[in-house]
Amino acid sequence: FGLIAEKVKAFCELPKGQTRIPESEALAVRVALIRHFISAQLEFIGVARRFLLIRDFEDLVDRVVGTDSGIGRIGGKAAGLFLAERILRRAQKLDDDAPSIPIRTPESFFLRSDVIEQFLDHAGLVEFQSHKYKSIDEIHNEYPMILEVFKNAEFPPAVIERLEGMLERVGPHPLIVRSSSLLEDRFGAAFAGKYRSVFLTNQGDLEHRLNELLGAIAEVYASTLHPDPISYRRKHNLLDYDENMAVLIQKVVGTRYRHYFLPAWAGVGFSLNEHRRNPRIRPEDGLARIVFGLGTRAVDRVSADWARMVPLGMPSVRPEVKSQDIFRYSQREVDVLNLRDNRFESLTLKALLGEEADFPGLDQVVSTMEDGTIRRPVGTRIFADPADLVVTFDRFTHDSPYPAFLRWVLRKLEDAYGCPVDIEFAHDGNEFHLLQCRPQAVRGRQEPVELPADIPESRRVFSARRDVDTGSVHGIEYVVLIDPRDYNRTSSSDRKLGVARVVRLLNERLQEHRFILMGPGRWGTRDLRMGIRVGYADINNCRMLIEIARPVGGFVPEVSFGSHFFQDLVESRIRYLALYPEEEGVLFNEEFLHGAPNALPSLLPDAADYADLVRVIVVAAAGEGLLLNVDMDGEAGEALGYLAERS
């Protein structure tokens, strides 16, 4: 690395314009630098060589952390950001219609992919490299121990020295330590949310800050052995790939407010909008999913909270009309960094803002509730009581240039990549920052589906009329049902965590069969009151995920298009459906779903004591030889699950 970096810097010191390198030679050098420093994936190189110049590598090599004698890459996440910034910088110069909004990226440092090998060798952890070949249940049970071992392991002195120099350069600014695996953000495999990202307040003396940074890097390294990425690698035939984890260390985008640190808004954007609630919305106009505060709530499923979904071609369109519904489906808590207590924290608006609503850029984010009616702010100052504020992003969608700007950004990146892309971004109250760019996981074009009209009532199992996409799942052999009424009867956290383990075991036991999961929305949430705490490795073999909403218990499905959880469903071709059994005109066949024998004790004898919470229906046995089909007509907004002949 040291030799190549020296040559790059020497080249960049040459005066521009005096001597021209033949285009073929310049292209060969660019490709070689991309392959050495960034990525060896041919699809990425094919795009990057058209936009990256040799001089672009000068700043890159200056921010790489690793020994001079080694060689490694900056990994997928860092590669996507590095390339996207250059694509957009060039587009703003060449496009006369380009928005004038500056595009920034956070100050970043790149821990090379070869450092993890040095770490494992120095700490005596090489034996864990065979861990990925164990069963998922073993991997799941052993991961907490592995995490502690990694976090207490020692780094090579040369790496520590370079990280200490990086911290001196950054100063006491909050940091995020992000995974940037060589497998991550690839064409065809995004690994969205599979590895750890760790926020650091980065306060205190240098020794304390260094120890926290080393612990965060070790946590990212350990996440390569988590069951979710290992299951994902198996699903995409990448398990035997020699994975080296690079690490992207970035300054957190935001501003200090009281003793908290957070951006004004953050989120994710998609150049192809596959979730259209209004037929007038064009898929190619894109979609943004935005939140107030740190963007964690835009990509994670958390409790009973909601991000604002903004169709970028028609940004003011939203599914809710009444003020009560807008309030109900609004963001309630804000993720921040607490600089005083050195921790990541989730706060209500009232707790964050205190007595005065004077956070910079707050007028773009909130509206006021006055006598039961939601009203947009008139000026930039908000004088209302923070308790009367509602996160609506109404001024953002109605009065700001950012929806059109995001649409332009996504279109330019899609043109360069030659496929739909998704991005992550944040705004600190003054400037827009791009945080990530990668190819978007898409379902592709769906053929129209018409619901069969001649199904007898006795064969109809369930129906839906809300948030329906287009698609079909036929020949379903097993239904795994956790009814919210049963789930809500137990207040034991251990029992609810046990339900997630039973789902994981069924996911393995039924992997050769066509089965669906039906449970209280939301699947994948961290809040046990709102649903079942599962990860990718627990549900990746099912054909369909159904979220059931019932008035008792507060279970509310969220069509979380754009979250990491939803991207998992798309990439694994798992269909999604929300059911509201109590709504008028909606079918939920209790006789079939609750009257059929429960096969859980015979499939998993050791989990028989969960038969009161988890039901497994053998469809052919319960349906007199028939199997379950589910058809979804997105245009009509209707879905039907029914029993049919085996095809």
>> Does atom CG (Asn237) have a neighbourhood of more than 12 heavy atoms from anything else shown, all under 6.0 Å?
In response: no
>> I want to check a possible cation-pi pair here: Arg332 against Phe327, using under 6.0 Å from ring centre and within 45° of the ring axis as the test.
In response: yes
> Any side-chain heavy-atom pair from Tyr417 and Ser271 closer than 4.5 angstrom?
Replying inline: no
>> Under a 3.5 Å threshold, yes or no: a donor from one side chain and an acceptor from the other, between Tyr195 and Asp228?
In response: no
>> Quick test of your reading of the model: are Arg438 and Asp422 salt-bridged, counting only N-O distances below 4.0 Å?
In response: yes
> Are Arg495 and Tyr610 in a cation-pi setup, meaning NZ or CZ lies under 6.0 angstrom from the ring centre and within 45 degrees of the ring axis?
Replying inline: yes
>> Between Glu547 and Tyr576, is there a side-chain donor-acceptor contact under 3.5 Å, judged purely by atom types and distance?
In response: yes
> Does Ser181 offer a backbone N or O that forms a donor-acceptor pair with the side chain of Ser179 under 3.5 Å?
Replying inline: no
> Between the main-chain N or O of Arg196 and the side-chain N or O of Ser223, is there a donor-acceptor pair closer than 3.5 Å?
Replying inline: yes
>> Under a 4.0 Å threshold between the charged nitrogen and the carboxylate oxygen, would Glu184 count as salt-bridged to Lys194?
In response: no
>> Between Asn152 and Glu148 (side chain of the first, backbone of the second, donor and acceptor by atom type, cut-off under 3.5 Å), is there such a pair?
In response: yes
>> For Ala266 versus Leu294, what's the shortest heavy-atom pair and its separation?
In response: CB-C, 4.3 Å
> Below 4.5 Å, heavy atoms only, C-beta onward: do Leu312 and Leu287 meet side chain to side chain?
Replying inline: no
> CG/Leu643 to CD1/Ile476 distance, rounded to the nearest 0.5 angstrom?
Replying inline: 10.0 Å
> What pair of heavy atoms forms the shortest contact from Phe128 to Phe150, and how long is it?
Replying inline: CD1-CE1, 4.0 Å
>> Regarding Glu477 and Arg514, does a basic nitrogen lie under 4.0 Å from an acidic carboxylate oxygen?
In response: no
> Between Asp285 and Asn273, does any side-chain donor sit less than 3.5 Å from a side-chain acceptor?
Replying inline: no
> Quick check: does any side chain N or O of Ser180 sit under 3.5 Å from a backbone N or O of Lys77, one acting as donor and the other as acceptor?
Replying inline: yes
> Are any non-hydrogen side-chain atoms of Met544 and Val630 less than 4.5 angstrom apart?
Replying inline: yes
>> How about CD on Glu127, more than 12 heavy atoms from neighbouring residues, nucleotides or ligands closer than 6.0 Å, or not?
In response: yes
>> One thing to verify: whether Arg234 and Asp240 come together as a salt bridge, which I'm taking to mean a side-chain N less than 4.0 angstrom from a carboxylate O.
In response: no
Review item, side-chain donor-acceptor pairs of residues 449-465, under 3.5 Å, at least two apart:
unit_1 : atom_1 : unit_2 : atom_2 : d
Arg460 : NE     : Ile455 : O      : 2.9
Arg460 : NH2    : Ile455 : O      : 3.3
Ser463 : OG     : Leu587 : N      : 2.8

>> The test is side chain to side chain contact (heavy atoms under 4.5 Å, CB included); show your working for Ile617 and Phe592 and say whether it passes.
In response: CA-CA 9 Å; Ile617 302 166; Phe592 178 84; 4.1 Å; yes
> Looking at residues at least two apart in the chain, or sitting in another chain, which of them share a salt bridge (Lys or Arg N to Asp or Glu O under 4.0 Å) with Glu638?
Replying inline: none
>> Whether Asp486 and Arg489 form a salt bridge (side-chain N of Lys/Arg under 4.0 Å from carboxylate O of Asp/Glu) is what I want to check.
In response: yes
>> When you compare the side chain of Ile574 with that of Arg543, does any pair of heavy atoms fall below 4.5 Å?
In response: no
> With a 4.5 Å heavy-atom cut-off, do Val391 and Arg308 have their side chains touching?
Replying inline: no
> With a 3.5 Å cut-off and no angle check, do the side chains of Asp631 and His474 form a donor-acceptor pair?
Replying inline: yes
> Is there side-chain contact between Ile139 and Leu225, with at least one heavy-atom pair below 4.5 Å?
Replying inline: no
>> For the backbone of Ala537 and the side chain of Asn507, can you confirm whether one donor and one acceptor N or O come within less than 3.5 Å of each other?
In response: yes
>> Restricting to salt bridge (Lys or Arg N to Asp or Glu O under 4.0 Å), what partner residues turn up for Asp483, sequence neighbours left out?
In response: Arg485, Arg550
>> Checking the side chain of Glu508 only, and the main-chain atoms of Leu505 only, is there a donor and an acceptor separated by less than 3.5 Å?
In response: no
> Is the Lys NZ or Arg CZ of Arg233 less than 6.0 Å from the centre of Tyr241's six-membered ring, within 45° of the axis?
Replying inline: no
> Looking only at heavy atoms, what is the nearest atom pair of Ser346 and Glu333, with distance?
Replying inline: CB-OE1, 3.7 Å
> Which of these passes salt bridge (charged side-chain N to carboxylate O under 4.0 Å, His left out) with Arg501: Asp606, Asp494, Asp538, Asp137?
Replying inline: Asp137
> Taking the side chain as C-beta and beyond, is there a heavy-atom pair between Arg573 and Val473 under 4.5 Å?
Replying inline: no
> Mind checking whether Lys235 and Asn541 have side chains closer than 4.5 Å, heavy atoms only?
Replying inline: yes
